[in-house]
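Following: one structure in structure tokens, then a few remarks.
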Amino acid sequence: MVEMKSFCEAGVSMQQVWVEGGLTLCFYFTLVPSVLLTLLFLFGTLLCIWYSRYGTDMEPKFVPRSGLYRLQVGLSVLLILQALGWMVFRLSWSAELPGYVVLYGCLSMLGWIWAVVLLRLERRKVLVRDRTRGHSTVLLLYWAVAFAADNLAFVSWMSPQWWWSLETSEQQMEFAFWLVRYFCSGLLFLLGLKAPGLPRRPYMLLVNEDERDVEHGAPLLGNSDEDQSTWKDFGKKVRLLVPYMWPKGSVLLQLLVLMCLGMLGIERAINVFVPIYYKNIVNQLTDGSSWKTLAMTVCVYCLLKFLQGGGAGASGFVSNLRSFLWIRVQQYTNRVVQVRLFAHLHALSLRWHLGRRTGDVLRSIDRGTSSINSLLSYIVFSIFPTIADIVIAIVYFISNFNAWFGLIVFVCMALYLTLTIFITEWRTKYRRDMNTQDNNAKSKAVDSLLNFETVKYYNAESYEVGRFEDAILKYQVSEWKTNASLALLNQTQNLIIGLGLLTGSLLCAYFVTEGKFQVGDYVLFGTYIIQLYTPLNWFGTYYRMIQNSFIDMESMFKLFTEEEEVKDEVNAGNLYFRQGKVEFENVFFSYTQGKEILKDVSFTVLPGQTVALVGQSGSGKSTIIRLLFRFYDVQGGCIKIDGQDISKVKQSSLRAHIGVVPQDTVLFNDNIRDNIRYGRVTATDQEVEEAAIAADIHDKIIGFPDGYETQVGERGLKLSGGEKQRVAIARTILKAPQIILLDEATSALDTQTERNIQASLAKVCANRTTVVVAHRLSTIIGADVILVLRDGQIVERGRHEELLAKGGLYSDMWQKQQQAQDSDSASDSETKDRKSEKLQPQTSTTAHRGH
Amino acid sequence: MVNKNSKKRTKQNALGNETEKASFALTVEHERDGNVEQISRRSAWQDFRRKVCLLVPYMWPRGSVWLQVLVILCVGLLGLERVINVFVPIYSRNIVNQLSAMENWRTLAITVCVYVLLKFFQGGGVGTSGFVSNLRSFLWTHVQQYTSRVVQVRLFAHLHGLSLRWHLGRRTGDVLRSIDRGTSSVNNLLSYIVFSIVPTIADIVIAIIYFVTYFSAWFGLIVFICMFLYLTLTIIITEWRTKYRREMNTQDNNAKSKAVDSLLNFETVKYYNSEGFEVRRFEDAILKYQACEWKTNASLALLNQTQNLIIGLGLLAGSLLCAYYVTVDKFQVGDYVLFGTYIVQLYTPLNWFGTYYRMIQSAFVDMESMFDLLTEEKEVKDTVNAGDLSFTKGRVDFKNVCFSYTAGKEILSDVSFTVMPGQTFALVGPSGSGKSTIIRLLFRFYDVQSGCILIDGQDIAKVRQNSLRSYIGVVPQDTVLFNDNIRENIRYGRISASDQEVEEAAVAADIHDKILSLPDGYDTEVGERGLKLSGGEKQRVAIARTILKSPRIILLDEATSALDSQTERNIQASLAKVCANHTTLVVAHRLSTIVSSDQILVLHDGRIAEQGRHEELLAKGGLYAAMWLKQQQTPESEVSTEEQPQEP
């Protein structure tokens with residue numbers, strides 16, 4: 001029977017690549033299918049992922065019928081058959097079957113089969129974003145390399161081992177097989193340029209031309225937006241990242257960056273010399289070199305090892321020094337991003353803040369900031385060095401060992417990277433889901449803790465704990481999937497490394513037994529491969545972390561790209577305050593589409609006037625104040641102050657002139673003094689106390705054990721509603737604005753305190769333009785103008801007496817409040833009667849005096 | 001066999017003793033530094049035994065045999081890894097020796113295959129991604145998740161059990177950070193100690209025994225001295241840099257708290273044009289944090305370099321000695337390869353030892369913060385034999401109640417009153433006079449300092465809080481809403497209520513029409529703490545919640561203060577229906593709303609100054625009458641205003 005004795009032919013050494021003026025057949029027929037299959041596997045896998053994720057089936061009527069496509073398929077099948085035939089030919093011709101013949105046959109068949117699969121895939125599916133026609137780069141590259149490989153045979157024209165002399169029938173058959181390969185691959189490449197099996201025009205244009213299918217176009221486009229890859233907009237993300245790597249504005253930091261990069265280079269050199277010196281030691285031990293030489297080599301080796309570190313590559317002297325220097329750069333980046341993002345958040349609109357979840361936002365900030373540093377660390381200090389090490393190793397092995405070793409390292413690395421990327425892409429969805437669930441769990445915790453009192457009011461602790469546990473369980477289901485897929489990734493990587501190590505070790509040991517290598521060369525190979533694989537183990541982790549960091553960075557940059565709803569115009573100037581005339585002209589506004597809050601509202605507040613807004617809850621009173629403060633921009637009409645449209649002036653200058661006493665006061669986690677001082681951050685302690693006196697809270701504050709240093713809890717929960725509102729009033733008094741907006745400023749106060757506050761506010765508001773929102777009509781009787789709002793429109797306006805005389809909505813509201821008073825009056829009648837009796841003697845006295 | 005085991009135990013004890021000696025020496029040094037410095041430099045290892053006791057229950061998952069089997073299996077895999085770690089360098093030596101001796105190809109090929117298989121099990125040298133390690137990590141996921149879930153849920157439940165006083169004083173940002181770090185720290189501690197530190201130390205002990213047995217005592221001595229120096233210096237330097245780490249954590253918390261506080265107060269920041277101020281404050285906080293971070297990282301660099309130096313010296317000494325032995329033919333070439341491979345294999349995880357030690361320290365610090373939360377005493381606790389409140393009629397008695405939030409500032413002084421079943425009581429008085437405090441005490445957010453509060457003759461301090469609160473409904477002064485839709489916010493009053501019941505409650509609270517007019521109706525999302533709704537709308541949601549709850553005792557804390565007159569009238573009618581035949585306490589500013597109360601208590605400086613019906617108090621001519629007259633002055637001025645037009 002046929003006997004496979006060795007990989008190459010008998011008498012031909014595996015070490016030899018070039019003999020008698022040509023490549024060895026053994027090397028040629030191993031190189032070609034290995035490289036071809038590796039390339040196709042690497043890029044073809046990516047292409048399949050791309051099509052399966054973003055592709056959609058092409059409608060049959062748009063698939064062109066073409067005989068040339070069948071020719072493409074036929075040629076590929078013919079190439080599969082020729083590989084099989086060649087293997088059978090070699091088997092029948094010789095009693096000895098070299099290993100490389102089997103390798104070539106199997107790998108070639110696999111490669112061409114895969115090419116056919118890709119060919120059919122491209123014909124049946126289409127990428128929605130496809131703007132080009134023709135085959136993908138992958139297939140064109142495959143056909144081109146296959147054709148080039150067949151041309152590579154010409155370099156061995158002079159070699160007697162090849163078939164060019166055509167002297168024997170065996171050589172004639174070999175030549176025939178080569179001709180088939182050459183012709184078929186060349187024709188495939190030419191046909192590939194023409195792409196007969198694919199539509200000649202972009203698919204979407206074909207769909208749009210057919211009116212009956214227009215409706216189907218939108219879903220196709222819509223689908224592509226879902227399930228985006230992490231690598232989508234990769235270029236844009238890298239561009240976002242680059243400015244944070246090069247610290248502008250600091251020459252010292254730039255020098256540090258350059259030094260760190262230089263140290264990366266040094267590390268690469270060290271990584272080559274460590275195994276070389278190890279080899280030298282073993283060889284010198286085997287050869288029995290002198291002790292002096294040996295000791296010198298050992299010392300140098302240990303020094304290199306010290307510089308390199310214990311093998312993990314992360315804590316050697318050079319690496320350590322580089323990390324130390326990088327601290328400053330990292331901190332600079334970290335600080336810039338956080339501060340910039342924080343400033344951006346405060347520039348966003350009230351609408352965004354009302355709708356956001358603080359827990360989610362904070363998490364995005366934390367993760368986003370960390371992700372930038374992680375990305376820089378992983379890409380610059382881990383991925384690039386690792387790839388550089390691999391390339392250097394391949395070059396070294398080809399130069400100093402044998403081309404076989406370079407091939408082994410190349411194939412293993414390519415497989416490793418391909419499978420790593422493939423599996424990591426596959427598990428992205430688990431990772432995203434895990435992040436989402438984590439955010440949900442944390443948001444529930446935040447929400448629940450912030451609403452502590454409400455939870456207590458309704459005995460809902462168990463409910464909250466149950467809900468929290470459910471959220472955690474959901475998170476952990478996602479976490480398990482993430483970890484399980486990570487285990488799969490690790491095992492796949494480990495398997496490839498093991499196979500590569502096995503192949504290389506066996507080959508190296510074989511060469512040593514044949515006397516081609518020394519013992520030290522085996523040690524060098526083992527050491528070098530393990531040294532390469534050690535950081536490569538981290539490659540999967542780094543790839544995953546880079547992916548995660550891109551996701552986290554994605555969330556953060558979404559915050560950055562959140563448009564500021566209310567923006568100052570490019571040429572906006574400062575508000576030029578003169579007298580304080582406020583005008584609303586035909587104002588329309590709605591918070592959401594379809595629910596108009598204000599409809600054609602027009603009114604004027606003359607300088608120094610007090611205008612009151614009254615109406616039902618939700619009739620738009622508070623909205624007018626928010627618009628005047630420019631938390632939102634109007635949809636129609638305009639708002640003017642001293643004739644200047646507030647949408648055309650700078651927001652900060654507008655707000656500098658307006659003081660607001662809000663309906664719902666919130667305090668900072670700080671002491672009372674600083675909470676009041678917030679009105680004007682530069683105010684002195686004395687000014688703070690004067691404002692507190694004016695707001696009738698000074699005595700209360702002095703009554704606290706810690707006085708003005710008393711800490712108030714989160715959002716001021718420790719103070720009563722009335723006390724909080726008086727703090728807000730004190731802030732406004734301290735700010736001393738020219739326009740004052742009171743949004744039910746005294747609604748939480750008792751009668752006595754309200755009277756005191758009203759007196760203080762009267763002093764503050766004297767000669768200032770004031771807009772008041774109130775429920776108690778009694779508090780706005782003195783207003784210059786009262787506007788009655790209903791359903792977003794001004795239905796009445798005028799002074800108190802005028803509106804009463806008119807007998808409209810205001811009059812009704814007033815009457816209703818009077819009814820409450822009347823019932824009190826009914827009770828008073830008895831009291832008055834009693835007083836009348838008591839007063840009679842005085843009357844007599846008076847009468848007596850009259851006499 | 002017996003000898004090896006006894007040697008192994010002896011070595012382990014020796015290492016343990018050395019560690020204890022180091023800790024003791026550090027303790028002595030701390031004592032000499034004095035009390036103040038000792039407090040500031042408190043070691044993370046203080047209360048080490050207590051912390052380990054805290055940690056152990058989370059390693060052994062009680063209640064799940066399946067998880068316990070997983071734990072045992074993981075520990076078994078750890079042992080398997082130790083065996084593999086010995087044989088990998090041995091087989092590496094065998095290959096080199098066989099190559100030198102020119103063995104036949106078959107034997108050589110088998111040895112290479114076995115070596116590669118062992119390498120596959122071990123992984124690429126880092127020891128964290130070999131097949132066995134990977135399998136162990138995979139199995140451990142479930143155990144870790146169990147631990148994480150138990151800790152988080154327990155802590156969360158505990159936080160909700162803490163008192164109102166604690167919640168009012170806490171900073172949410174700090175608490176959340178402690179929760180996150182604490183939860184991670186428990187898992188990290190288990191991972192580092194069980195799966196990293198112990199295996200590494202075991203490997204070192206095995207290596208020393210192996211070298212002493214098969215090489216010479218010199219090699220064992222070299223390895224021992226290097227390991228001892230390594231561990232000692234690692235511990236010393238890591239202890240030294242603990243203070244930097246703690247300070248960094250503190251500054252990190254400060255920076256995050258400032259961000260949280262600022263974002264939560266977004267509107268106030270806008271009101272006062274303080275964006276610039278907030279950004280500068282935030283940047284200052286980050287700069288402080290980064291100064292601490294630099295110190296932490298710089299000291300880490302020093303630690304790494306010290307470790308690297310020790311490893312380098314050990315490798316140098318051992319390599320030279322081994323090479324010498326080979327030249328004098330005591331050893332074969334493969335033995336040198338074995339030594340080199342084995343030492344590098346030992347040192348690789350040892351590089352991580354410093355990191356693990358630091359992370360264990362950090363994890364202990366984080367766990368410390370978390371357990372501080374867990375050990376926060378519940379201020380208001382149910383007594384051991386507390387039973388359920390047996391509600392019969394709803395009589396409420398306050399007897400000689402004294403209470404203060406902080407020592408020296410008494411809020412309530414000797415307050416006594418009785419609310420008969422079905423009665424409506426009103427509490428009036430200036431702001432801060434104690435009105436809201438009475439409601440909080442009745443709800444038992446706090447316990448009284450003296451006196452007692454009875455419901456149907458039962459002291460509320462001796463009944464279960466759950467049962468007490470289930471009978472009481474509160475409409476607070478300052479309503480907060482959850483981040484959810486309106487329907488769920490109303491349903492919070494009774495979680496099991498149907499949609500129809502929710503809508504009925506909304507109708508009764510006069511907010512149903514308003515909700516329907518919103519584009520999303522009942523599914524409208526309200527923003528954080530309900531900021532999207534107006535004050536009046538929020539209060540009506542709170543009223544709807546209470547209506548849905550149908551409590552037996554109703555506490556109204558200025559429930560309608562944010563409503564306009566018309567809406568207030570509607571609500572008053574609904575509340576009147578709800579409160580009919582219910583014991584009710586009302587806190588109000590507007591005296592007009594409590595004219596019809598059965599009893600009115602006038603509070604002044606924490607005492608009941610007057611008590612009686614509206615007419616009685618007016619007749620008495622005291623504080624209440626004065627308040628009433630002040631409110632009457634406003635209508636009188638209005639009347640006088642009205643009279644003027646009549647004159648013409």
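Per chain, numbering begins at 1; letters A, B, ... match sequence-line order.
- Of the possible polar contacts, one joining the B:Q290 side chain to the A:Q331 backbone as a donor-acceptor pair under 3.5 Å is found.
- The minimum heavy-atom distance between A:A509 and B:L99, with the atom names listed, is O-CD2, 4.0 Å.
- If you measure heavy-atom distances from B:I95 to chain A, the contacts under 4.5 Å come from the side chain alone.
- Taking CZ of A:F324 as the reference point, atom CG of B:L300 lies at 11.0 Å (rounded to 0.5 Å).
- For B:Q145 (side chain) and A:Q476 (main-chain N/O), a donor-acceptor pair under 3.5 Å exists by modelled atom type.
- Side-chain contact between A:L502 and B:F120: absent, with no pair of heavy atoms (C-beta onward) separated by less than 4.5 Å.
- If you tally non-hydrogen atom pairs under 4.5 Å between each of A:A805, A:A295, A:S652, A:A343 and chain B, the highest count goes to A:S652.
- With a 4.5 angstrom heavy-atom cutoff, B:S148 touches chain A via backbone and side-chain atoms both.
- Atom OG1 of B:T141 is separated from atom CD of A:E479 by 7.5 Å, given to the nearest 0.5 angstrom.
- For the pair A:L285 and B:A323, the tightest heavy-atom approach, listed with the atom from each and the gap, is CD2-O, 4.0 Å.
- B:N308 places a side-chain N or O within 3.5 Å of a backbone atom of A:F306 that can act as its donor or acceptor partner.
- Residue contact with chain B, scored on non-hydrogen atoms closer than 4.5 Å, involves the side chain of A:V681 exclusively.
- The greatest number of non-hydrogen atom pairs below 4.5 Å with chain A, out of B:Y115, B:F138, B:F282, is found for B:F282.
- Interface residue A:Y522: only side-chain heavy atoms are found under 4.5 Å from chain B.
- Per-residue heavy-atom pair counts under 4.5 Å with chain A were compared for B:V337, B:L117, B:V116, and the maximum is reached by B:V116.
- Contact tally against chain B (heavy-atom pairs below 4.5 Å) for A:L506, A:V512, A:L303: the top residue is A:L506.
- Here the SG-CD1 distance, from A:C302 to B:I311, works out to 12.0 Å after rounding to the nearest 0.5 Å.
- For A:L495, the parts sitting under 4.5 Å from any heavy atom of chain B are the backbone and the side chain alike.
- Contact detail for A:Y278 and B:G340: the closest heavy-atom pair is OH-CA, 3.9 Å.
- Chosen from A:V339, A:I658, A:V282, the residue pairing most often with chain B at heavy-atom distances under 4.5 Å is A:V339.
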